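Shown next, in C-alpha cells, is the structure this report addresses.
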Amino acid sequence: MKNPQDPPTIGRREFIRSGTLAGLGVGLAALAGPVSAAIPPAPQVRRYTPLGRTGMKISDISFGADRLSPGQEDLVRHAFDVGINYFDTAENYRDGESETTLGNALRGKRDKVFLTSKTLAWPDTGKDTMMQALEGSLRRFQTDYIDVYFNHAVNDVARLKNPEWYEFTEEAKKQGKIRFTGMSGHAGHLTECLDYALDSGKFDAILCAYNFGQDPHFYQRFLGSFDMVARQPDLPRVIQKATQRGVGVVVMKTLMGARLNDMRPYERDHATFAQAAFRWVLSNPNVNGLIVSMTSRESIDEYVGASGFTSVAAEDLPLLERYARINGTSYCKHACDACESACPAGVGISDVMRTRMYAVDYRDLRMARDEYAMIARNAEACLTCTAKPCANVCPHGLKIDALTAPAHRLLS
Ligand code: SF4
Ligand code: SF4
C-alpha cells in the first residue's frame with residue numbers, strides 16, 4: 001500500500017511494465033516526479049512495520065551494529081533519537097564490543113527498543129554451548145532478554161538440521177531469554193537454506209542479503225544489454241513465502257557493496273544512491289525493514305532520509321543503473337555460489353570475496369579480519385596454487401585467482 005508521505009513515485013509493477021513501454025529512463029521520467037523536493041529536512045524514521053507475526057513494529061531503516069565499538073555510544077543515541085528502534089548485532093562483532101556498546105548506549109531504554117543478536121551454531125554445536133553464547137550476549141547487553149536471536153550466517157542446510165539448535169531455542173524461550181528466533185544468511189545456498197528454515201516452521205524471522213543487484217527485474221529492464229543476470233532470481237519468491245507464513249523479513253547488504261563514494265558526483269540534494277537502493281528493497285511489500293551499518297551521524301541522517309518510502313522514485317533508477325554498470329564486474333554477488341565447485345581445495349571463494357569487500361570497499365580492516373577468521377576454508381591454498389582452475393569460471397567477470405591470494409595475505 002502506498003504511504004501518503006511518499007512523493008510521486010512508481011510502484012514496482014508500473015516500473016517493470018514501463019521498461020517494456022519506453023526503454024530506459026524516458027518513460028519513467030514521464031511517470032514519476034522528483035523525490036528530493038518532497039523529503040522533509042529533518043531526518044526521522046517515518047514508518048514502522050510489523051515484523052511478521054512477532055508483533056514487533058520495527059523501524060523500516062534500522063541499525064546494523066557490525067562496526068560499532070566502545071566510544072560510539074552517542075551514535076547509537078542519535079539513531080534512537082531519530083526514531084530507530086531495531087538494533088542488530090552479533091556476538092562476534094568487534095569481539096563482543098558491539099553488544100557492550102549497544103548495552104551501554106541504550107541503558108534505560110530497553111523497553112523502547114528491539115535488540116537482536118546472533119550465534120554461529122554449527123552442525124555439531126551442542127545446546128549447552130549455544131546457551132553459554134546467549135548468556136554472554138545478555139551480559140554484554142545488560143539485559144535479561146533478546147528479542148530475536150539468529151543462527152548466524154547460515155550457508156549450509158546441515159547447520160539447520162542440528163536438532164540441538166531447536167532444543168536450545170525452545171529452552172531459551174521458556175526461560176524468557178529470547179522472544180523469537182531467526183536465521184541470517186548472505187552466502188551460497190541462501191535460498192536453499194531459507195526454504196528449509198521456512199518449511200521447518202520453527203523460525204519467526206529471517207535476515208538475508210537482498211539488493212537491487214540480486215533482483216531479476218532490475219537486470220531485465222536496465223541492464224539487458226549487459227552479459228549479467230541477477231544471481232538470486234529465486235530470492236523474491238522466498239521472501240514472499242516468508243511473508244505468507246507470517247515470518248518477519250529484514251534485509252541487509254542492500255547497497256550492493258556500499259561503494260558510496262563512487263556515486264557522490266552523480267547525486268543531488270537528498271536523492272543519494274543509498275536512499276535509492278533502500279527505496280528499491282523497501283518497495284518490495286514483503287520486506288519489513290532493512291539494517292545497514294551505521295558509522296556516523298551523517299550516514300544515519302542520510303539513510304533515514306529513505307524512511308517512509310514504499311516505492312522507487314524515478315530519479316533513483318539512473319543512480320542504481322550507473323552503480324551497477326560501475327561495479328557490476330568487481331562486485332561478488334551476495335549469495336552467489338556459481339564458482340563453488342571450481343576450487344579443488346574447497347576454498348570458500350564467496351566468503352573470501354565478501355570479507356575482501358569489507359576491507360577494500362567498506363575500508364574496515366578489523367571487521368574484514370574478524371569475519372575472515374570465521375571462514376571454514378580460507379584462501380591459504382591460493383598462495384601455492386598454480387593450476388588455478390577458478391581463473392575463468394566467474395560468470396560476472398571477477399578474476400578470482402588474482403583476488404583470493406592477496407585477500408589471504410591481507411586478512412589472515
Ligand atoms: S566470484 Fe563470481 S561466481 Fe564466485 S561467488 Fe562471486 S560473483 Fe559468484
Ligand atoms: S587460486 Fe587455486 S586454491 Fe585459490 S580458489 Fe582458485 S583454484 Fe582454489
Side-chain angles (χ1 to χ4, degrees), residues 153-157 184-194 208-216 218-220 222-224 226-236 238 251-259 262 277 320 323-362 367-369 371-412:
V154 176
N155 55 11
D156 181 354
V157 166
S184 77
H186 44 47
H189 306 284
L190 177 60
T191 52
E192 183 188 349
C193 293
L194 290 171
C208 62
Y210 177 54
N211 60 50
F212 62 99
Q214 292 170 305
D215 193 328
F218 180 79
Y219 288 92
Q220 283 163 12
F222 282 87
L223 299 177
F226 274 51
D227 184 21
M228 296 198 297
V229 291
R231 284 311 309 161
Q232 290 291 301
D234 211 21
L235 198 52
V238 182
V251 297
M252 59 180 165
K253 308 287 192 279
T254 55
L255 295 172
M256 193 181 156
R259 293 183 64 91
D262 291 355
L320 299 180
Y323 184 92
R325 288 181 186 277
I326 291 173
N327 293 302
T329 55
S330 63
Y331 164 68
C332 176
K333 302 335 186 227
H334 286 111
C336 173
D337 55 11
C339 57
E340 186 180 68
S341 59
C343 175
V347 169
I349 297 172
S350 60
D351 280 329
V352 171
M353 293 295 190
R354 177 174 54 83
T355 52
R356 178 185 173 277
M357 177 188 74
Y358 296 148
V360 176
D361 296 347
Y362 292 17
M367 175 189 181
R369 286 181 169 154
E371 293 281 323
Y372 192 78
M374 289 167 26
I375 298 175
R377 275 177 287 188
N378 68 26
E380 186 176 7
C382 305
L383 300 177
T384 52
C385 178
T386 51
K388 301 184 189 301
C390 65
N392 297 308
V393 301
C394 175
H396 306 288
L398 270 75
K399 297 295 174 198
I400 298 171
D401 58 317
L403 298 171
T404 50
H408 181 76
R409 287 193 201 96
L410 180 68
L411 303 176
S412 61

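Both ligands and their constituent atoms are indexed starting at 1 by order of listing. Hydrogens, waters and symmetry mates play no part in the numbers below; they use all other heavy atoms, side chains included. What you see is a predicted model; the values in this text were computed from it and never measured.
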**Fill in**
re atom 6 (Fe) of ligand 2, the protein heavy-atom contact at minimum distance is C390 SG, 2.3 Å

**Request:** Please work out whether any backbone atom (N, CA, C, O) or any side-chain heavy atom from C-beta onward of V393 is under 4.0 Å from ligand 1, and answer side chain, backbone, both or neither.
**Result:** neither

**Asked** Has C385 got an N/O/S atom less than 2.8 Å from atom 2 (Fe) of ligand 2?
**Response** yes

**Prompt:** Which atoms from ligand 1 have a heavy atom of A338 less than 4.0 Å away?
**Reply:** 3 (S)

**Message:** Looking at non-hydrogen atoms alone, which of G348, A342, S350, C394 comes nearest to atom 2 (Fe) of ligand 1?
**Reply:** C394

**Prompt:** Does V251 reach the side chain of C208, with side-chain heavy atoms less than 4.5 Å apart?
**Reply:** yes

**Prompt:** Under a 4.5 Å cut-off applied to non-hydrogen side-chain atoms, are N378 and V347 in contact?
**Reply:** no

**Request:** Check each of V352, I400, L403 against atom 1 (S) of ligand 1 and report the one with the nearest heavy atom.
**Result:** I400

**Side-chain heavy atoms of H189 within contact of V154, under 4.5 Å** = no

**Message:** Counting non-hydrogen protein atoms only, what is the nearest one to atom 8 (Fe) of ligand 2? Give residue, atom name and distance.
**Reply:** C343 SG, 2.3 Å

**Request:** Have a look at P389, A407, C382, G346 and point out the one with the heavy atom closest to atom 7 (S) of ligand 2.
**Result:** P389

**Request:** Indicate yes or no for a side-chain donor-acceptor contact from R354 to the backbone of E371 under 3.5 Å, with no hydrogens or angles considered.
**Result:** no

**Request:** State whether the side chain of N211 and the backbone N or O of K253 hold a donor-acceptor pair below 3.5 Å, judged by distance alone.
**Result:** yes

**Item:** A379 to ligand 2, any heavy atom closer than 4.0 Å
**Value:** no

**Asked** For A153, does its backbone N or O pair with a side-chain atom of S184 as donor and acceptor, under 3.5 Å?
**Response** yes

**Request:** Give a yes/no answer: is there an N/O/S atom of C339 under 2.8 Å from atom 4 (Fe) of ligand 1?
**Result:** yes

**Message:** Within ligand 1, which atoms have a heavy atom of P395 less than 4.0 Å away?
**Reply:** 3 (S)

**Message:** Can a donor-acceptor pair be found, under 3.5 Å and without considering hydrogens, that links the side chain of Y372 to the backbone of R356?
**Reply:** no

**Request:** Kindly indicate whether the side chain of C193, heavy atoms from C-beta on, has any atom under 4.5 Å from the side chain of D156.
**Result:** no

